[in-house]
Amino acid sequence: MRVPTLLALSAASAAALPTTDKIFKRQAAPNAPDAFGLAYTTPPVAANGGAWSAAFARAGAVTAQMNFGGKGQPTGPRPVDGHTQFPAGVTSAATWDRELIYERSRAMGQEFYDLGVHVALAPVTGGPLGRAPRNGRNWEGKHVVKVPFCQISALIRSSGSLPQVGTLTRTQRVRRVTGVLRVSKTPGYRPRQSKSEIFAASIPSYKDHPPRHFLAYEQETSRNLYINKSLGGIPSLPSTGQLPISSNLDDATTHETYLWSFAEAVRAGTAGIMSAYNIVNGTHASANSDALNGLLKAELGFQGFVVSDWGGVWGTQETVVGGNDLDMPGNGFGGILGNFMGPRLEALVANGTVDEARLDDMVHRILTPYFALGQADKALPSVPFNAGSTPQNVTYRLVQKASTVDLVRRIAEDGAVLLKNDGALPLKAPPRIAIIGNDAGPPARGCGATGDACPAGSNWNGTLSDAGGSGYSEPNNLIFPLSAIQQRAAQDLSKVTWVLNDTDIVNAQATAARADVALVFVSAWAAEVYDRDNLDPSGGGNALIEAVAAVNNNTIVVMHIPGPTLVDAWIENPNITAVIAPLLPGEQTGNALVSVLYGDISPSGKLPFTIAKQESDYPPDTITYQTEAENVAPQANFVEGNLIDYKWFDAKNITPRFEFGFGLSYATFEYSNIRKDETFAFDSLAIQKTNEMFIGQQDGESLYDVLLTVNVDIKNTGEVVACEAAQLYVEFPASSGQPVRQLRGFDKIKQAAPGSTTTASFPIRRKDVAT
């Protein structure tokens with residue numbers, strides 16, 4: 001089969017927009033905040049709403065009645081107690097389970113709805129994708145789709161355009177809701193609404209969110225918000241004149257890696273897209289006409305609104321003409337993050353600099369999904385909290401359900417990745433158990449509202465169930481590992497001793513030496529705003545592991561980590577008999593871990609990233625450090641192109657310690673009878689169709705048509721009931737210039753009995769084999 005070539009723009013848009021060879025080629029521009037050096041293009045107006053045509057007409061009628069002028073200052077919620085801390089995106093990805101991801105998204109959306117929240121700032125769709133192993137926000141996303149694949153359960157959908165879930169079977173729910181895994185919901189969102197997250201919850205339990213961050217947002221270092229220094233700055237944010245870092249990438253990398261998951265988000269019916277803090281090829285992401293107008297609104301045919309990240313806007317005319325529809329936080333926070341709309345935009349429209357039709361389109365794009373998702377017709381519950389909340393006066397509303405607690409536990413169980421097992425697991429009622437490490441216990445106090453109050457390695461933070469920054473959420477009821485293990489040990493009449501101070505090596509060794517099994521808990525802290533210093537466990541975790549293994553020949557390591565973390569300092573020590581990585585499992589962390597440790601379930605998590613033997617095995621210079629004194633406009637050149645994560649290791653013939661997709665089980669599986677069904681099927685899954693095209697395209701054809709389906713029989717050859725995450729990779733001809741192999745599908749075989757055989761299926765779309 002001929003490999004088709006993607007066109008940059010639809011034929012209808014090509015005349016009005018930059019041609020492909022001009023897209024993403026501009027160099028870093030002037031230093032003035034309002035000078036972006038971009039060639040303006042007319043932002044495409046929302047066409048007809050696509051699947052939201054009725055809502056589009058309704059929004060147009062309302063827009064037509066609006067008078068020009070004035071300003072608004074919307075308010076919104078802040079932290080609240082009574083909701084769930086879900087497993088992070090990285091843990092959800094490690095389950096490789098479409099249904100669990102779907103149910104997580106649905107349950108989280110229900111909690112947001114019950115808190116009166118119209119829009120959650122999520123999901124992390126295409127940035128970061130994991131280009132930089134030390135990126136502080138890698139944990140927020142679904143790393144499984146560093147490459148794309150098809151027919152994944154996604155949160156982002158319009159309940160008005162498809163039958164309600166009650167009319168669909170479970171299989172239909174999964175297959176009707178399209179997208180890549182990154183289009184599913186982000187990690188444990190904190191229910192916070194700063195200033196105008198105002199639209200898009202569907203009724204009653206779906207929500208629609210602005211996927212983020214568009215485009216090529218791959219490091220926290222030098223991301224640099226706009227800060228109005230004349231107002232004194234914000235203590236927690238740098239008051240700097242340095243511009244955000246520029247992510248410089250070519251057209252192939254843009255389309256084949258960074259744009260792909262946003263295309264899936266559009267197809268899944270997302271209401272909004274959030275632009276990023278960084279600059280893209282010399283132009284701010286929030287004002288990048290090539291990206292927002294050319295790629296997103298024209299090529300992908302996006303009908304919703306583009307919202308900036310908080311402080312991501314640096315100018316008015318450039319931002320509006322560049323394709324951004326909603327400036328956040330507007331005049332919130334006293335204007336400290338800029339106030340570029342309101343009177344400034346009013347003046348530009350009044351003097352003709354900005355066409356009033358552009359203002360109409362901004363409003364139209366915001367209102368259309370608001371109507372499409374039914375929010376104008378059925379009021380959401382009241383919002384029980386506000387932007388002024390402090391830890392002392394946070395409001396309480398119980399929205400958590402028992403079924404959600406059970407779901408969180410199941411995700412944490414299935415997302416735990418067993419990396420090493422020399423027969424130590426599952427545990428069989430060991431008489432004496434030593435628990436070593438602060439990460440096993442409770443925090444010395446409850447974590448602060450941002451999560452940043454509990455960094456790992458501080459000897460008081462307790463177990464790491466989530467990471468930090470704006471994606472963090474507080475648990476309603478954290479079940480930490482020590483407590484859960486004690487409860488299980490009490491049933492077996494086992495003795496449990498512990499040392500929860502990572503630096504108390506003397507007592508750690510004395511306690512471990514007397515035990516039949518020693519469980520060492522370590523973690524690696526990561527958070528928004530800064531990138532990790534290294535890829536080691538935090539707070540001397542390696543030293544603690546080595547000290548315990550020196551005195552106990554049955555040492556089991558438990559790692560709560562946000563992404564790639566090096567283990568080669570101790571992984572081959574024969575006294576270390578098992579290693580398990582639950583990643584960031586949410587508030588049921590202890591109970592889920594006990595289920596896996598004691599064999600109540602067989603582990604089935606698979607790594608959604610590669611663990612190298614040393615940091616130098618990853619692509620070099622993926623985080624650029626440049627201070628204002630060195631360069632007011634720092635640059636990050638994406639020279640590795642599409643070779644992210646495992647694709648880099650393949651291309652460079654580097655052997656990792658644990659490969660992408662790796663994970664052990666208490667069972668074994670045999671694959672056989674691999675075959676393909678060449679039945680063609682037109683794309684029937686898109687809620688909103690994109691304008692993407694391919695060479696040789698005929699009427700009615702789409703890049704998302706299914707060309708064939710690959711099937712394989714999988715037999716449980718072990719002795720216990722177990723699950724298996726089967727993965728399909730596509731190899732392109734060497735002449736194509738593509739990575740050696742690329743993930744194009746996965747299927748979770750669930751609860752397979754010993755001796756049973758199940759068929760896994762992988763639909764392959766035209767785009768999956770296109771360049």
Side-chain angles (χ1 to χ4, degrees), residues 78-79 85-93 121-124 127-143 186-192 194 212-213 217-225 234-238 244-245 274 276-278 309-312 391 438-439 443-475 478 522-539 541 559-565 582-587 589 609 622-623 625:
R78 292 293 285 179
Q85 181 190 70
F86 287 82
V90 65
T91 303
S92 302
L121 297 183
V124 172
L129 281 178
R131 171 183 186 256
R134 290 191 285 111
N135 186 300
R137 301 183 77 171
N138 279 341
W139 61 278
E140 294 190 18
K142 303 287 193 304
H143 293 247
T186 56
Y189 304 100
R190 172 166 146 218
R192 58 183 284 272
S194 265
R212 53 197 173 109
H213 305 86
Y217 176 52
E218 288 288 357
Q219 69 175 67
E220 293 297 287
T221 304
S222 299
R223 70 178 192 169
N224 296 347
L225 288 63
I234 300 176
S236 62
L237 297 175
I245 191 162
M274 178 182 281
Y277 284 125
N278 56 287
D309 208 336
W310 270 231
N438 181 256
D439 182 64
R445 62 174 179 81
C447 291
T450 65
D452 293 330
C454 299
S458 59
N459 276 327
W460 55 265
N461 58 282
T463 194
L464 192 65
S465 57
D466 199 356
S470 59
Y472 171 85
S473 64
E474 290 195 40
L478 177 66
V522 296
S523 59
W525 175 246
E528 183 183 2
V529 178
Y530 57 87
D531 298 305
R532 295 166 65 185
D533 292 333
N534 54 58
L535 295 179
D536 293 326
S538 302
M559 304 169 63
H560 289 117
I561 56 176
T565 302
L583 306 178
L584 300 174
E587 64 178 54
T589 174
F609 50 80
T622 51
I623 294 178
Y625 295 94

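Residues take their numbers from the sequence shown, with the count starting at 1.
- Two residues are said to be in side-chain contact when any heavy atoms from C-beta on lie closer than 4.5 Å; R212 and E140 meet this criterion.
- For D309, the side-chain contact (heavy atoms from CB on, under 4.5 Å) criterion is met by H213, M274, Y277, not counting sequence neighbours.
- Distance check, rounded to the nearest 0.5 Å: CG of N135 to OH of Y530 gives 12.5 Å.
- The OG atom of S222 sits 11.0 Å away from atom CG of N278, with the distance rounded to the nearest 0.5 Å.
- Between the side chains of E528 and S470, at least one donor N or O lies within less than 3.5 Å of an accepting N or O.
- Legend: residues meeting side chain to side chain donor-acceptor pair (under 3.5 Å) with T622, ordered by chain and number and at least two apart, are absent.
- To the nearest 0.5 Å, atom OG of residue S523 and atom CG of residue N461 are 6.0 Å apart.
- Proximity of P133 to L535: side-chain heavy atoms (C-beta onward) are separated by under 4.5 Å at one or more points.
- Between Q85 and S473, the shortest heavy-atom contact is NE2-O, 2.7 Å.
- The side-chain heavy atoms of E587 and F86, taken from C-beta on, include no pair separated by under 4.5 Å.
- Rounded to the nearest 0.5 angstrom, Q219 CD and N138 CG are separated by 11.5 Å.
- R134 and T221 share no side-chain donor-acceptor pair at under 3.5 Å.
- At a threshold of 4.5 Å between non-hydrogen side-chain atoms, the residues R532 and T565 count as touching.
- For the pair R223 and R137, the minimum side-chain heavy-atom distance is below 4.5 Å.
- A467 and A526 make their closest contact through CB-O, 3.2 Å (heavy atoms, listed as atom of the first residue, atom of the second, distance).
- Distance CH2/W139 to CH2/W525: 8.0 Å, rounded to 0.5 Å.
- Remark: T91 engages no residue in a side chain to side chain donor-acceptor pair (under 3.5 Å) (not counting sequence neighbours).
- A 4.5 Å side-chain heavy-atom check between L478 and P443 finds at least one atom pair inside the cut-off.
- A side chain to side chain contact (heavy atoms under 4.5 Å, CB included) with H560 is found for exactly one of D466, L583, V522, T589, namely T589.
- By the 4.5 Å heavy-atom criterion applied to side chains, I561 and L584 are not counted as neighbours.
- Minimum heavy-atom separation, A524 to S538: CA-OG, 3.3 Å.
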